[in-house]
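Take a look at the structure set out below.
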2 protein chains.
Amino acid sequence: MLRISKMTDYAVVLATHLAAADGAHAARDLALQTQIPEPTASKVLKKLARAGVVISQRGAKGGYALARRPEQIGIHEVIEAIEGPIAVTECSDESTDSFCEYETNCGVRANWQRINLAVQAALSEISLADMAFPGTGELISIALSSKDAERMRGAGTQGNDVH
Amino acid sequence: MLRISKMTDYAVVLATHLAAADGAHAARDLALQTQIPEPTASKVLKKLARAGVVISQRGAKGGYALARRPEQIGIHEVIEAIEGPIAVTECSDESTDSFCEYETNCGVRANWQRINLAVQAALSEISLADMAFPGTGELISIALSSKDAERMRGAGTQGNDVH
DNA sequence: GCATATGGGACTGAAACGGTCCGGTATATA
DNA sequence: TATATACCGGACCGTTTCAGTCCCATATGC
């Protein structure tokens, strides 16, 4: 699977929506526009606010707005806001000191961490601006480069800042 | 999270173990050597056999062995054997024709697929041989290929792998 | 003061996950 | 041929996680 949860999916949609139409918007309005159930959208937005991806304004005329410009927000921030640190396996998550009980037998830990880093790197390449205003060509290189080893390096070395 | 399930973790450990000590081994022995509970190990091995990652021999003196040489088996095969197709979100899974109900609003689909490809590419880089016999230098290039060096802090320094 | 809007957390039903167990079948060996 | 060994397929179950809802407290504009 390696599957991202529905909540995270919502978060990306909401954040993308905020990126496309900037300024402050009430959770209710965002929910209507994105067709996400209102309580759920609200819950997601709260988490985004806590993580610093969006800023919130309470009270009448309040609402949510992006904390920074879309091109300065990486998609991994949105994902981590909902799901916590991105870690492929328990033992590759450096933050939790969960020691691997099989470590002496498996010797797999270090490799998982590298895989993990590769995934994180792939996600770091994509900004909210890329999601909100696609087709500017940058992402294509990632899609087309998925054939062999050079792709990671290639995608990583070119600047993804076109917008 | 982007977290891989425990079962998949077991699968990698078992496959790695088979890669390191080739020939056929009974599920029971593998379970003992890897300290994975026997019924669970058995279940995982069955799935690996079905997916063609390992071959099985029934009857007395039977057991499991790798279907191919370790360097010819990518870990994404092992992962997919347990978890099914690697897809980050529902709508980025091309196999299921689950149409995205928000598609007109989100326009996110294509980007998810690119992210997905990047993840798959990252996983395709690693073979079972890399997991079983690390330190041959191949993986290092991937780890270092991310330009986001700050995320990589300590990745290279964490070379305490080989057991 | 009041309407509006977010903050925080409790709660619930459903689904997935981790793990176990059992009857069936294939095969090597005595 | 009889028997022990070992995989095959799937049912089963307790626990956890997930998606979604609801409520009350708090902050703010008018």
Side-chain angles (χ1 to χ4, degrees), chain A residues 1-14 18 23-32 34-67 79 81-84 87 89-90 98 101-102, chain B residues 1-14 18 23-32 34-67 79 81-84 87 89-90 98 101-102:
Chain A
M1 301 217 227
L2 264 176
R3 187 153 288 136
I4 273 182
S5 76
K6 225 167 178 179
M7 286 300 194
T8 305
D9 205 354
Y10 292 158
V12 172
V13 171
L14 287 166
L18 277 174
H25 299 265
R28 175 183 178 79
D29 296 338
L30 290 170
L32 286 174
T34 57
Q35 308 208 40
I36 296 170
E38 190 186 329
T40 301
S42 178
K43 187 179 189 174
V44 169
L45 286 165
K46 283 180 215 174
K47 286 195 177 183
L48 289 177
R50 272 196 132 170
V53 174
V54 303
I55 53 177
S56 62
Q57 175 68 27
R58 298 173 75 164
K61 301 282 180 180
Y64 293 96
L66 286 187
I79 295 174
I82 308 297
E83 314 216 12
T89 58
E90 206 68 45
S98 60
E101 47 189 316
Y102 307 112
Chain B
M1 295 215 236
L2 263 176
R3 187 153 289 135
I4 272 182
S5 75
K6 225 168 179 179
M7 286 300 192
T8 304
D9 204 354
Y10 291 158
V12 172
V13 171
L14 287 166
L18 278 174
H25 299 267
R28 176 183 178 79
D29 296 338
L30 291 170
L32 286 174
T34 56
Q35 309 208 37
I36 296 170
E38 190 185 327
T40 300
S42 179
K43 186 179 191 173
V44 168
L45 286 165
K46 283 182 222 172
K47 287 194 176 183
L48 289 177
R50 274 197 129 168
V53 174
V54 304
I55 53 178
S56 62
Q57 175 68 25
R58 296 172 77 162
K61 302 281 183 181
Y64 293 96
L66 287 187
I79 295 173
I82 308 297
E83 314 217 11
T89 60
E90 207 66 46
S98 61
E101 47 188 316
Y102 308 111

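Order of the sequence lines sets the chain letters (A, B, ...), proteins ahead of strands, with each chain counted from 1. Quick caveat: nothing in here was measured; it's all calculated off a predicted structure.
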Of the listed nucleotides ([options]), which one gets closest to any side-chain atom of [X]?
X       : options               : result
B:Ala60 : C:dA28, D:dC8, D:dT21 : C:dA28
A:Met7  : C:dA3, C:dG18, D:dA19 : D:dA19
B:Pro37 : C:dT20, C:dT6, C:dA28 : C:dT20

- Side-chain heavy-atom pair B:Tyr10, B:Thr40 within 4.5 angstrom cut-off: yes
- Query: What pairs meet the salt bridge (Lys or Arg N to Asp or Glu O under 4.0 Å) rule with one or both residues in residues 39-48 of chain B, with sequence neighbours excluded?
  - Reply: none
- Note on the structure: Taken in chain and number order and not counting sequence neighbours, the residues that satisfy salt bridge (Lys or Arg N to Asp or Glu O under 4.0 Å) with A:Arg28 are A:Glu38
Could you grab the distance from atom [atom1] of [X] to atom [atom2] of [Y], nearest 0.5 Å is fine?
X       : Y       : atom1 : atom2 : result
A:Leu14 : A:Leu30 : CG    : CG    : 6.0 Å
A:Lys6  : A:Ile36 : NZ    : CD1   : 10.5 Å
A:Ile55 : A:Leu66 : CD1   : CG    : 8.5 Å

- Could you state the atom-to-atom distance from CD1 of A:Ile82 to P of D:dG20 in whole Å? 13 Å
- Is the shortest side-chain N/O distance from B:Tyr10 to OP1 or OP2 of C:dG19 below 4.0 Å? yes
- Nucleic acid contacts - residues 48-58 of chain A versus DNA chain D, non-hydrogen atoms under 4.0 Å: A:Gln57, A:Arg58
- Query: Taking the side chain from B:Gln57 and the backbone from B:Tyr64, do they hold a donor-acceptor pair closer than 3.5 Å?
  - Reply: no
- Could you say whether A:His25 or B:Glu38 is positioned toward the 5' end of DNA chain C, judged by the nucleotide with the nearest heavy atom to each? A:His25
- Query: Quick one: side-chain contact (heavy atoms from CB on, under 4.5 Å) partners of A:Ala51, sequence neighbours excluded?
  - Reply: A:Val53, A:Ala81
- Toward the 5' end of DNA chain D, which comes first, A:Thr40 or A:Lys61, by nearest nucleotide? A:Thr40
Identify each atom pair where a protein N or O and an N or O of nucleotides 22-24 of chain D are less than 3.5 Å apart, giving names and distance.
none

